[in-house]
Asker: 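Please find one structure pasted underneath; my questions will follow.
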Amino acid sequence: MSARTVPAAGATPLTAVFVRLKLSLLRNGLRQSGGRRAAWVASAVVVLLFAALQLIGLIALRGHAHVDALIVLLAAVLALGWAVMPLFFPSGDETLDPTRLVMLPLRPRPLVRALLAASLVGIGPLFTLCMFAGSVVAVAHGGAALAVGVVGAVLALLVCVTLARAVAAANVRLLTSRKGRDLAVLSGLVVAVGAQLVNFGAQRLGTSGLEQLDPVADVLRWVPPASAVGAMDAASDGAYGVALAQLALTAAALVLLLWVWARHLTRLMTSPDGSTLQAAEGRPARGPGSAGPARLLPAGRTGTTMERSLRYVWRDPKTKAAWVTSLAIGLIVPVFNAWQGTGSVYFSCFAAGMLGIQMYNQFGQDTSAFWIVAMTISSTRDAYVELRARALALLLITLPYAVLVTVLTTAMLDDWRTLPEALGLSFALLGAMLATGAWTSARFPYSIPQEGHKNVVPGQVGLAWISIVGGMVGAALLCAPVIALTVWLNVREGGDAWSAVLLPVGAVYGALLTLLGLRLAAPHTARRLPEILTAVSKG
């Protein structure tokens with residue numbers, strides 16, 4: 001064989017290799033199980049269907065006076081999504097971790113080009129491209145505007161993908177660590193806040209029209225990658241200088257992001273991992289006297305159990321995710337409704353209800369570690385103290401939070417007369433949920449898997465539904481007397497003078513319900529310890 005026919009080392013384009021690698025990772029991942037394959041196909045169909053509907057909607061808006069403002073805002077939202085998704089779903093793409101390539105003789109610039117090309121393979125880039133294509137059709141008028149639109153759509157897509165890669169590379173050490181993966185618990189908060197923002201925005205647009213977006217769009221059309229989309233509107237109006245400036249701004253942002261990405265890749269490829277370094281010397285060890293706020297908890301089993309429960313909230317990813325989501329939704333629902341002027345002070349009871357759910361399946365959050373707790377329960381009294389301590393730990397967060405949300409909602413609505421009623425109902429609801437939660441925790445325990453996004457192991461979904469839905473229905477029935485008293489005082493002539501009574505009535509009634517629920521649940525817990533241990537250890 002002649003020297004001319006011998007392929008030189010590195011002759012195979014690196015970009016093609018990485019694109020094939022991405023396709024292989026996708027194909028091999030789908031081969032692992034039928035369930036994973038079905039989930040991927042279902043998600044792809046839903047995303048593509050949504051993209052098609054959005055594309056049709058954008059095309060239908062062609063010629064609308066304010067469609068340019070809508071597509072500029074859409075581009076900014078897409079870029080924001082690309083920026084934050086690597087933080088919340090670091091395991092969604094295995095190629096997001098460049099530290100797996102540190103042992104290969106690869107230079108940063110060719111590696112950036114190869115990873116960028118591989119990043120364009122997937123459902124996310126296709127969805128984003130459909131959005132930008134619909135924006136071109138909706139806004140571009142004339143050959144020049146169409147040409148600017150094509151270039152702008154490509155630039156905007158590259159900026160979105162590069163932004164996601166740069167963010168992932170900058171935080172890869174954090175995202176690949178166990179502690180860093182806890183960032184995923186914020187996804188519940190993002191979804192909750194995002195859903196309410198979308199709901200609020202849709203209502204405003206439905207009543208006021210797209211012209212409400214003009215002030216925001218005037219600013220965002222000079223922020224990449226929205227500036228690339230704004231260039232189409234400028235070219236359609238004949239402002240070619242403005243269009244070129246906006247395209248140049250987007251191109252400059254792309255170059256800057258590529259430079260930042262390459263810089264972080266160089267650092268990752270050449271710097272030692274923190275896990276290989278010796279621990280810092282001279283760091284003071286934690287002693288018994290450095291327990292911090294834990295010293296304020298009661299002594300004995302009560303304080304120990306309360307501290308353990310609070311540590312679960314802070315350290316366990318699944319428990320933290322549930323708490324973050326409940327805290328967010330419990331605040332967002334009443335506050336956003338009050339902000340829109342359509343809410344009521346009584347919506348603040350949503351905060352107590354969302355946090356009261358955390359009392360359900362108390363032993364399931366311990367998973368297989370519950371056997372340690374079970375070893376310390378030898379009587380009904382021990383079970384009662386255990387349940388009481390868990391309820392007290394929950395109250396440490398729930399009580400001040402419920403008061404804060406209620407007062408904030410009342411202040412936004414300027415309806416201070418109903419504040420005692422709302423607080424009384426919140427306290428009664430919280431007590432009822434603590435009572436039913438303690439009882440269902442002992443009667444219908446289920447296991448929470450430690451890995452993945454599922455909150456119930458297969459085969460125990462029915463138990464979870466009975467525990468949560470049945471407990472909530474029972475809590476609503478237990479609150480019926482306080483609800484009836486509130487309604488009676490509001491319809492009775494002169495009842496406003498007695499509305500303040502609902503605050504102490506609700507507080508006392510909730511406390512009595514909690515004590516009664518704990519007393520009834522304690523014998524079940526002590527008697528059914530083997531069944532509880534078996535049920536919660538299946539994950």
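FYI, side chains are in, hydrogens and waters are out, and symmetry mates aren't considered; it's all heavy atoms of this structure.
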Asker: Atom CD1 of Ile377 and atom CG of Leu533: how far apart are they, to the nearest 0.5 Å?
Answerer: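 That separation rounds to 10.5 Å.
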
Asker: With salt bridge (Lys or Arg N to Asp or Glu O under 4.0 Å) as the rule and sequence neighbours excluded, what pairs involving residues 522-535 come up?
Answerer: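 Residue pairs with at least one partner in residues 522-535: there are none.
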
Asker: Measure the shortest side-chain to side-chain distance between Thr376 and Asp382 over non-hydrogen atoms and say whether it is less than 4.5 angstrom.
Answerer: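 They are not in side-chain contact.
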
Asker: Mind checking side-chain contact (heavy atoms from CB on, under 4.5 Å) for Arg417 and listing every partner two or more places apart, or none if nothing turns up?
Answerer: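 For Arg417 the side-chain contact (heavy atoms from CB on, under 4.5 Å) partners, ignoring immediate neighbours, are Asp415, Glu421, Asn490, Asp496.
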
Asker: Name all residues meeting the side-chain contact (heavy atoms from CB on, under 4.5 Å) criterion together with Tyr401; count only those two or more places apart in sequence or in a different chain, and write none if there are none.
Answerer: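 Counting only residues at least two positions away or on another chain, Tyr401 forms a side-chain contact (heavy atoms from CB on, under 4.5 Å) with Leu327, Leu331, Ala351, Leu355, Val405.
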
Asker: Looking only at heavy atoms, what is the nearest atom pair of Pro445 and Val536, with distance?
Answerer: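 So the two residues come closest at CB-CG1, 4.0 Å.
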
Asker: Supply the atom-to-atom distance Ser467 OG to Trp465 CH2, rounded to the nearest 0.5 angstrom.
Answerer: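 Nearest 0.5 Å value for the OG-CH2 distance: 12.0 Å.
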
Asker: List the atom pairs, with distances to 0.1 Å, where a side-chain N or O of residues 431-439 and a protein N or O form a donor-acceptor pair under 3.5 Å, not counting sequence neighbours.
Answerer:
| from | atom 1 | to | atom 2 | distance (Å) |
| --- | --- | --- | --- | --- |
| Thr436 | OG1 | Tyr360 | OH | 2.7 |
| Thr436 | OG1 | Ala432 | O | 3.0 |
| Thr436 | OG1 | Met433 | O | 3.3 |
| Thr436 | OG1 | Gly471 | O | 3.4 |

Asker: Ignoring hydrogens, what is the shortest heavy-atom contact between Leu297 and Gly303? Give both atom names and the distance.
Answerer: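 Residues Leu297 and Gly303, closest heavy atoms: CD1-O, 3.7 Å.
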
Asker: I want to check something: taking the side chain as every heavy atom from C-beta on, are Leu502 and Pro420 in contact at a cut-off of under 4.5 Å?
Answerer: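 The answer is no, as the side chains (C-beta and beyond) never meet within the 4.5 Å cut-off.
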
Asker: Determine, step by step, whether Tyr446 and Ile468 satisfy the side-chain contact (heavy atoms from CB on, under 4.5 Å) criterion, reporting the C-alpha distance in whole Å, the side-chain angles of both residues, the deciding distance to 0.1 Å, and the verdict.
Answerer: CA-CA 11 Å; Tyr446 57 90; Ile468 297 176; 3.5 Å; yes

Asker: Which heavy atom in Leu120 sits nearest to a heavy atom in Pro125, and how many Å separate them?
Answerer: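 What the structure gives for the nearest pair is O-CB, 3.6 Å.
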
Asker: For Thr409 and Pro334, which heavy atoms make the closest approach, and how far apart are they?
Answerer: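 In terms of heavy atoms, the two residues are closest at OG1-CB, 3.6 Å.
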
Asker: Decide yes or no for Leu529 and Trp371: does some side-chain heavy atom of the first lie under 4.5 Å from some side-chain heavy atom of the second?
Answerer: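 A side-chain contact is absent here, since even the closest heavy-atom pair is not under 4.5 Å.
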
Asker: Which heavy atom in Ile123 sits nearest to a heavy atom in Ala44, and how many Å separate them?
Answerer: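 That would be CD1-CB, 3.3 Å.
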
Asker: Please check this pair: side chain of Lys320 against backbone of Val313, looking for a donor-acceptor N/O pair closer than 3.5 Å.
Answerer: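 Judged by distance alone, no pair lies under 3.5 Å.
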
Asker: Answer whether the closest heavy-atom distance between the side chains of Val403 and Phe427 falls below 4.5 Å.
Answerer: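 Yes, side chains in contact.
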
Asker: Can you find a heavy atom in the side chain of Phe350 that is under 4.5 Å from one in the side chain of Ile329?
Answerer: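 Yes, side chains in contact.
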
Asker: State the CG-OG1 distance between Leu419 and Thr410, to the nearest 0.5 angstrom.
Answerer: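 It is 4.5 Å, given to the nearest 0.5 Å.
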
Asker: The criterion is side chain to side chain donor-acceptor pair (under 3.5 Å); which residues satisfy it with Thr319, sequence neighbours excluded?
Answerer: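 Applying side chain to side chain donor-acceptor pair (under 3.5 Å) to Thr319 gives Asp316.
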
Asker: Hey, does the side chain of Ser441 reach the backbone of Met359 with a donor-acceptor pair shorter than 3.5 angstrom?
Answerer: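 Judged by distance alone, yes, a pair lies under 3.5 Å.
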
Asker: Tell me the closest heavy-atom pair linking Ala83 and Val167, and the distance in Å.
Answerer: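 Looks like O-CG1, 3.5 Å.
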
Asker: Once rounded to the nearest 0.5 Å, what's the spacing between atom CG of Leu21 and atom CG of Leu115?
Answerer: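 Going from the CG atom of Leu21 to the CG atom of Leu115 covers 9.5 Å.
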
Asker: Could you tabulate the donor-acceptor pairs under 3.5 Å formed by side-chain atoms of residues 384-400, not counting sequence neighbours?
Answerer:
| from | atom 1 | to | atom 2 | distance (Å) |
| --- | --- | --- | --- | --- |
| Glu386 | OE1 | Arg301 | NE | 3.4 |
| Glu386 | OE1 | Arg301 | NH2 | 2.9 |
| Glu386 | OE1 | Thr305 | OG1 | 3.3 |
| Glu386 | OE2 | Arg308 | NH2 | 2.4 |
| Glu386 | OE2 | Arg390 | NE | 2.8 |
| Glu386 | OE2 | Arg390 | NH2 | 2.9 |
| Arg388 | NH2 | Thr302 | OG1 | 3.2 |
| Arg390 | NH1 | Gln362 | O | 3.0 |
| Arg390 | NH2 | Asp366 | OD2 | 2.7 |
| Thr398 | OG1 | Leu394 | O | 2.8 |

Asker: Output the distance between atom OG (Ser447) and atom CZ (Phe363), rounded to the nearest 0.5 Å.
Answerer: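 Answer for the OG-CZ pair, Ser447 versus Phe363, is 14.0 Å.
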
Asker: Rounded to the nearest 0.5 Å, what separates atom CH2 in Trp498 from atom CH2 in Trp488?
Answerer: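 It comes to 9.0 Å.
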
Asker: Can you tell me which residue among Val508, Leu425, Leu423 is in a side-chain contact (heavy atoms from CB on, under 4.5 Å) with Leu503?
Answerer: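 Only one of Val508, Leu425, Leu423 forms a side-chain contact (heavy atoms from CB on, under 4.5 Å) with Leu503, namely Leu423.
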
Asker: How about Met306: does its CE atom have over 12 heavy atoms from other parts shown lying under 6.0 Å from it?
Answerer: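 Correct, the count exceeds 12.
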
